[in-house]
Amino acid sequence: MAKPSYSTPLGMVDILPDQTPSWRALEQIIHEEAAKFNFQEIRTPILEPTKLIKRGIGQLTDIVTKEIFAFQKGDTNYTLRPELTAPVVRSFVQHHLDQRGGVQKLYYIGPMFRAERPQKGRQRQFHQFGLEVIGSADSVADIETIAFMMRIYQRIGIKNFTLKLNSIGDLESRERYKQVLRDDLEPHRSKLSELSQQRLEKNPMRILDSKEPEDQEYIAKAPKIQDYLNEDSTIHFEKVKHGLQVLDIPFEVDTYLVRGMDYYTRTAFELSSPDLGSQDALAGGGRYDLLVEEIGGKPTPAVGFAAGMERLLIACEELNISLSEKSVLDIYIVSLGEEARNWALSFLPELRSHGLSASMDYTGRSMKAQMKEANREHTRFTIIAGENELNNRAFILRDMNKSVEVNLSAKEIISTVLAHKSRPK
RNA sequence: GAGCCCGUAGCUCAGUCGGUUAGAGCGCCAGGUUGUGGCCCUGGAGGCCGUGGGUUCAAUCCCCAUCGGGCUCCCCA
């Protein structure tokens, strides 16, 4: 056996046939729930101009400074998309979706790329689903966004998680707070972690998110954003909290929750699970009222979230939740001899046209080998067609669960199997 | 970017304190049943023991490097 010469790039995996059913089931759930919420799917390219990604997510964010896959082709710099909010907003602006009237309620499913060191629950190519509500400043948009997110986990049966909620204020509130925070931390500058020192000028709020032990004392004593929100932001935050309470969605306010992308304003939230290990964020999102304008559109408020599909599937595994059932083949035709094989081949389309799944041996092996194959494929019925059966036009239909056989014509076989399928279990 | 652990059959793993043909279970293939699966029995295929170099009479085992994987920190989905 030759050693494999090629393998997937670091941090990227093949999703093999025994895993695709779970993926498809998850995708199915997302599509169904999105339809119930009246969201429409959007699909955008895997590549985006690097400029868009940098502008959208923020030049100084971790994602942009060290995690993007970027390359040049001709005069253009491209980036493999690390998230989809900025691309969806780009699409919204590019195609003037605001001109269609109303609020754009969009959802997506697809691969994202970040050049990080892989570990459990973190890959370089991973998949997210998420949604973006563009064109509403109302708290209902925030609440419905969170409600959709929670609905997916609820439907799947993942209950062990924490929803953290915060408001990081609008532009005015935030600029005021940033200055207050800077003034508060500056005297302790030399005692802060190196990373936090760097953040002090550019993005002091990210310090609140620091896990460095030396920072904790100062973070705890630092002024809280809630005390610096202006009236609009405060009212908005109160409405969001109230809405979640009305919907019985439990949450905890975390004044230190600051998300990793620069575009967030006001509402920020994150869903984390103890079933995931160190990469415990299942999903996250927030409001981004300035991004559309930043990218070249008219000032347009928006809110959205993104969820990690691999992490969701890991949680399912930990909780022994299976999203899909074993697929069952309706009919496998065992045939013996050239003539019977030809008959089997010609009978397959007829079976399939009646909505049945049907297959046969592709290798010309022994009857026993064919039966083994039928068993391995979890076949419900096997048709046995040898010379005798072919001559008499009376085939054997074997019920693989009961190990019972009957002689039937081709027509009778179809009606028997169809009747069996339509019977309630 | 930093730290720790690990690379032996398709999969999960034994093993060799360095010494003739490297093992098991599962899976795969075939036979036992000249036309019958799942259980059982028998047999078979499948490994230059991740790769390169070093030490040695001798390396899958020791040493170094490298690649790959896992976990952690940072950050995030």
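Only heavy atoms go into these numbers, but all of them, side chains included; no hydrogens, no water, no symmetry mates. A note on names: the letters A, B, ... follow the listed sequences, proteins ahead of strands, and every chain is numbered from 1.
Between B:rG38, B:rC75, B:rC28, one nucleotide has an atom nearer to the side chain of A:R398 than all others, and that is B:rG38.
Within 4.0 Å of A:L282, counting heavy atoms only, lie sugar-phosphate atoms of the nucleic acid but no base atom. Among the atoms of the strands shown, none is found under 4.0 Å from any heavy atom of A:E373. Among the atoms of the strands shown, none is found under 4.0 Å from any heavy atom of A:Q370. Looking at heavy-atom distances under 4.0 Å, A:G121 makes contact with a base.
Applying the salt bridge (Lys or Arg N to Asp or Glu O under 4.0 Å) definition to pairs two or more places apart or across chains, those involving residues 300-328 of chain A are A:K120-A:E318. For residues 401-413 of chain A, every residue pair satisfying the salt bridge (Lys or Arg N to Asp or Glu O under 4.0 Å) rule, not counting sequence neighbours, is listed here: A:R398-A:E405.
Taking a pair as Watson-Crick or G-U wobble with both distances under 3.5 Å, RNA chain B forms stems of 3 or more consecutive pairs at B:1-7 with B:67-73, B:10-13 with B:23-26, B:28-32 with B:40-44, B:50-54 with B:62-66.
At a cut-off of 3.5 angstrom, counting only N and O atoms as typed in the model, there is no donor on one side facing an acceptor on the other between the side-chain of A:T379 and the base of B:rG37. Residue-to-nucleotide contacts include a donor-acceptor pair under 3.5 Å from the side chain of A:R311 to the base of B:rC76. With hydrogens and angles ignored, no donor-acceptor pair closer than 3.5 Å exists between the side chain of A:T382 and the base of B:rG37. Between the side chain of A:E389 and the base of B:rG35, at least one donor-acceptor pair of N or O atoms lies under 3.5 Å.
Computed from coordinates, the A:L131 CG to B:rA77 C1' distance equals 14 Å when rounded to whole Å. For the pair A:R114 CZ and B:rC75 C1', the interatomic distance rounds to 9 Å; values are reported in whole Å.
A salt bridge is defined here as a Lys NZ or Arg NE, NH1 or NH2 lying under 4.0 Å from an Asp or Glu carboxylate O, and A:R376 with A:E373 meets this definition.
Straight-line distance between the P atoms of B:rG15 and B:rU8: roughly 14 Å, to the nearest whole Å.
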